[in-house]
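Let me begin by presenting the structure, written as structure tokens, before commenting on it.
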Amino acid sequence: GNKNINAKLVLLGDVGAGKSSLVLRFVKGQFVEFQESTIGAAFFSQTLAVNDATVKFEIWDTAGQERYHSLAPMYYRGAAAAIIVYDITNQASASFERAKKWVQELQAQGSESYFKPPIGNPNMVMALAGNKADLLDARKVTAEASTLDAQVYAQENGLFFMETSAKTASNVNDIFYEIAKRLPRV
Ligand code: GTP
Ligand code: MG
């Protein structure tokens, strides 16, 4: 029969990468050019029907500003899924580098050691979103090279990768749908 799944999902990534914009697009179908920087975190929920299940996402949209970094574990703890967002137009790939740091942090929290049990979820479904795909021309690196880098990185680290645009809605529902499909069916 049809299963109901509740899934805590966290968005992480650099300031201005477009986390809030992706959530706003997914939950309300809207986009604003002057989205305000998130303070602390914001909560949303949205339900998505996949073939065999109805997934209720409980979404934590975190703040990218460094001063909020210490709050992040509250939001990713126990999360079934994470979307790590970077801005593909960001100079010198600083936003991409920040995304990699988040992946490392999630992986470290999810792994067990002799001294401590995992805080995070080792089976977390992780997506890497290269956002602002509508601004292709503004990219500093050639489109092909940076996309390939991200694809290779995602594959090596157990994430799946998509280029998204909160502005045009490209791949926004798709990334949540892809996560919903990958969640464990208990
Ligand atoms: P913090 O809350 O500060 O961590 O930032 P954030 O990751 O939530 O970014 P936010 O959604 O606030 O977006 C930052 C800016 O980028 C806003 O002005 C958005 O309008 C813009 N933006 C977000 N997504 C896109 C996109 O896909 N395309 C374009 N062109 N602009 C975008
Ligand atoms: Mg935000």
Side-chain angles (χ1 to χ4, degrees), residues 5 7-23 25-26 46 48 50 55 57 59-64 69 72-73 75-112 118-185:
I5 299 170
K8 179 178 173 181
L9 181 149
V10 65
L11 286 102
L12 299 165
D14 202 8
V15 179
K19 300 176 292 300
S20 301
S21 298
L22 288 169
V23 176
R25 172 59 77 188
F26 176 57
Q46 176 69 300
L48 197 62
V50 288
V55 177
F57 282 115
I59 303 169
W60 285 103
D61 169 25
T62 65
H69 187 169
Y75 303 111
Y76 63 65
R77 183 169 297 145
I83 303 177
I84 296 105
V85 186
Y86 71 98
D87 175 350
I88 61 166
T89 70
N90 188 252
Q91 295 199 32
S93 301
S95 187
F96 183 50
E97 293 306 316
R98 189 71 195 85
K100 291 190 199 172
K101 291 271 187 259
W102 281 118
V103 173
Q104 278 172 13
E105 181 168 336
L106 290 178
Q107 286 170 340
Q109 298 297 331
S111 61
E112 221 160 334
I119 303 168
N121 170 11
N123 302 315
M124 187 186 273
V125 177
M126 289 197 285
L128 180 64
N131 191 41
K132 312 196 185 180
D134 56 289
L135 298 175
L136 293 184
D137 294 341
R139 287 204 249 198
K140 301 302 170 197
V141 194
T142 66
E144 299 73 23
S146 62
T147 299
L148 194 61
D149 273 2
Q151 262 162 1
V152 168
Y153 176 80
Q155 193 147 33
E156 286 175 348
N157 286 275
L159 296 86
F160 72 90
F161 171 67
M162 280 189 177
E163 283 192 338
T164 58
S165 169
K167 185 167 181 173
T168 66
S170 167
N171 273 344
V172 177
N173 284 350
D174 311 62
I175 202 166
F176 285 92
Y177 190 81
E178 202 54 47
I179 288 170
K181 284 201 300 189
R182 288 164 195 243
L183 291 171
R185 303 287 188 262

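This chain uses plain numbering: 1 for the first residue, then up along the sequence.
Closest non-hydrogen pair, L183 versus A7, comes out as CD1-CB, 3.6 Å. Of all non-hydrogen atoms in A150 and L128, the two that sit nearest each other are O-CD2, 3.9 Å. Heavy atoms only, all atoms of each residue included: E163 and I88 are closest at OE2-CG2, 4.1 Å. The two residues G130 and F161 come nearest to each other via the heavy atoms N-CE1, 3.9 Å.
R98 CZ to I84 CD1: the interatomic distance, rounded to the nearest 0.5 Å, is 11.0 Å. Once rounded to the nearest 0.5 Å, the distance linking CG of N157 with CE of M126 reads 7.5 Å. With rounding to the nearest 0.5 Å, the separation of CG in D61 from CG in L11 is 6.0 Å. Here the straight-line distance linking atom CD1 of I5 with atom CZ of F57 works out to 9.0 Å at 0.5 Å rounding. In this structure, D87 CG and S95 OG are separated by 5.0 Å, a value rounded to the nearest 0.5 Å. For the atom pair CD1 (I175) and CG (L22), the distance works out to 7.5 Å, reported to the nearest 0.5 Å.
Within the 4.5 Å cutoff, side-chain heavy atoms of H69 are placed close to those of E105.
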Q) Going through the distances and angles, do L12 and L106 end up as a side chain to side chain contact (heavy atoms under 4.5 Å, CB included)? A) CA-CA 10 Å; L12 299 165; L106 290 178; 3.9 Å; yes
Q | side chain to side chain contact (heavy atoms under 4.5 Å, CB included) between N173 and F26, intermediate numbers included | A | CA-CA 6 Å; N173 284 350; F26 176 57; 3.4 Å; yes
(Q) Show, in sequence, the C-alpha distance, side-chain angles and deciding distance for I83 and L9, and conclude whether the side chain to side chain contact (heavy atoms under 4.5 Å, CB included) test is met. (A) CA-CA 8 Å; I83 303 177; L9 181 149; 4.2 Å; yes
Q: Show your reasoning for whether side chain to side chain contact (heavy atoms under 4.5 Å, CB included) applies to Q151 and L148.
A: CA-CA 5 Å; Q151 262 162 1; L148 194 61; 3.9 Å; yes
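In Q155, the CD atom is not crowded: 12 or fewer heavy atoms of neighbouring residues, nucleotides or ligands sit closer than 6.0 Å.
With D134 contributing its side chain and T168 its backbone, the two residues share no donor-acceptor pair below 3.5 Å.
Using a 4.0 Å cut-off between a side-chain N of Lys or Arg and a carboxylate O of Asp or Glu, E178 and R182 qualify as a salt bridge.
The aromatic rings of W60 and Y75 sit tilted, their planes meeting at an angle between 30° and 60°.
Of the options Y153, W102, F96, a ring-ring contact (aromatic ring centres under 6.0 Å, His included) to Y86 is made by F96 and by none of the others. Of the residues listed (N131, V10, V85), the one engaging K19 in a side-chain contact (heavy atoms from CB on, under 4.5 Å) is V85, and it is the only one.
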